[in-house]
Each structure stands twice: as structure tokens, then as C-alpha cells.
Amino acid sequence: MAFLKRLGFYLAGLSIGLIFLSYFLKNKAQEAGVEFCYFPNCRVLKDIRSKPTVYSEEVNALISSKTLDSSDIAYFLHNGNIDFGKSETKTTPCKTYLIEGMLDNGKAFLKVINCNKKVIVESFFNELSL
């Protein structure tokens, strides 16, 4: 049997096996509530979500004036992108992260202080206010 023919059979079997494996592992992970986070953005957001959240006075004022909603903050903590270049990750014991996300009125940013025991949502601003 020619090498290319054997390689074709191998790759076909490998791809079918990977499809079945990913299907079963995905269903198993959803049943158990497991989330696979290997990239830095996902790992930091998961760490932030696992701690109790405290809002600063500025953010509380925005929530009171209905400019910002707690569902917007939850959206940032699940789907946001952390700008590691503008974040202060070398400080201890608390690290400051700038989380970027899209809202109805455009790009917005959430500044979060991640400490050992809690997370402080420090400020919220949109692209227009920069």
C-alpha cells in the first residue's frame, strides 16, 4: 500500500476519533459544570469570578443612576478581554486589571482590583470618555 494512501486512512481515522472524543468530553464537562481555562485571559476572569465582588463608590453611583447595570459587569467578567499591557500585574497583594468589552453604546472598560480574598470593581468608563 502506498504511503499516501496509508496516511490518508490514518488522518481520516484520527479526525473521526477526535470528533467523537470532543463530543463526549464536551457533554461530560457540561454535565459536571467544568470549565476549561488554559489561556491567561480566561484564567484571570475565572479567578475574578470566584471571589466576592465589592463595588467602589463611583461604580455604586453609576448603578444608582442606571448608567451601569450589574448584568453589564457580569458580561465583562465572562466575555471581556483583559488588556495586560495596561494592567498592573506585578503589584502585590492586589493586582489591577483593565477589562475591555463591547456594550450597546460601543467599547467600554472596567477597572478591577483583584486581591486575595475579594475583588473590587473600581471604575467603569467607555471609549468616548478617554
Side-chain angles (χ1 to χ4, degrees):
M1 190 181 299
F3 174 73
L4 290 178
K5 194 172 187 180
R6 283 185 292 173
L7 183 64
F9 283 129
Y10 172 76
L11 291 176
L14 181 68
S15 62
I16 291 171
L18 287 175
I19 290 170
F20 280 123
L21 186 64
S22 67
Y23 174 75
F24 288 121
L25 286 181
K26 183 178 178 183
N27 288 342
K28 188 75 163 174
Q30 286 176 351
E31 291 171 4
V34 177
E35 184 178 0
F36 297 103
C37 283
Y38 296 110
F39 294 112
N41 188 59
C42 183
R43 291 177 65 182
V44 170
L45 288 176
K46 185 176 180 181
D47 180 51
I48 290 172
R49 287 192 309 263
S50 69
K51 297 175 186 174
T53 305
V54 178
Y55 301 135
S56 68
E57 290 183 21
E58 177 186 343
V59 173
N60 275 330
L62 289 172
I63 291 173
S64 297
S65 67
K66 303 210 188 264
T67 305
L68 182 65
D69 191 7
S70 60
S71 64
D72 293 333
I73 295 173
Y75 171 79
F76 274 90
L77 297 181
H78 281 277
N79 301 323
N81 294 319
I82 297 176
D83 189 350
F84 286 101
K86 295 179 182 173
S87 299
E88 298 173 17
T89 59
K90 304 289 184 202
T91 58
T92 55
C94 298
K95 297 174 180 10
T96 304
Y97 294 104
L98 188 67
I99 304 172
E100 172 184 324
M102 292 297 291
L103 293 178
D104 294 337
N105 56 356
K107 189 184 286 188
F109 299 92
L110 188 69
K111 191 172 185 181
V112 175
I113 300 174
N114 186 10
C115 297
N116 292 332
K117 304 263 184 203
K118 66 179 178 178
V119 172
I120 303 167
V121 178
E122 186 176 287
S123 62
F124 172 82
F125 50 93
N126 56 14
E127 192 173 41
L128 301 175
S129 65
L130 288 177

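Predicted model only: the values in this text are computed from it and were never measured.
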query: If you measure from CD1 on I113 to CD1 on I48, what distance do you get to the nearest 0.5 Å?
result: 11.0 Å
- prompt: Taking a hydrophobic cluster as the set of Ile, Leu, Val, Met, Phe, Trp and Tyr residues connected by side-chain heavy atoms closer than 4.5 Å, whether directly or through intermediates, do I120 and F76 fall within one such cluster?
  reply: no
message: Check for me, please, whether L14 and F20 land in the same ILVMFWY cluster - side-chain distances under 4.5 Å, paths through other members count.
response: no
- request: Flag yes if Y23 and I16 sit in one hydrophobic cluster, no otherwise; membership is Ile, Leu, Val, Met, Phe, Trp, Tyr, and two members link when side-chain heavy atoms are under 4.5 Å apart.
  value: yes
Residue from T89, V112, L45, L110 passing side chain to side chain contact (heavy atoms under 4.5 Å, CB included) with I82: L45
field: Over all atoms of both residues, closest heavy-atom pair of E122 and V59
entry: O-CG2, 3.6 Å
- prompt: Less than 4.5 Å apart, any side-chain heavy atom of F84 and any of V44?
  reply: yes
- request: In plain terms, say whether K51 and D47 are close enough for a salt bridge, that is, a side-chain N and a carboxylate O under 4.0 Å apart.
  value: yes
statement: Of all heavy-atom pairs linking A108 and L103, the shortest is CB-CD1, 4.0 Å
List the atom pairs, with distances to 0.1 Å, where a side-chain N or O of residues 1-8 and a protein N or O form a donor-acceptor pair under 3.5 Å, not counting sequence neighbours.
none

message: Are I99 and F39 linked, directly or through intermediate hydrophobic residues, by side-chain heavy-atom contacts shorter than 4.5 Å (ILVMFWY only)?
response: no
query: Hey, quick one: are Y75 and F124 part of the same hydrophobic cluster, counting side-chain heavy atoms closer than 4.5 Å, chains of contacts allowed?
result: yes
task: Would you mind listing every side-chain hydrogen bond (donor to acceptor under 3.5 Å, both in side chains) that reaches into residues 52-67, with sequence neighbours excluded?
output: S65-T67
query: For the side chain of N79 and the backbone of A74, is there at least one donor-acceptor N/O pair under 3.5 Å apart?
result: no
message: If you define the side chain from C-beta out and look only at heavy atoms, does anything of I63 sit under 4.5 Å from I73?
response: yes
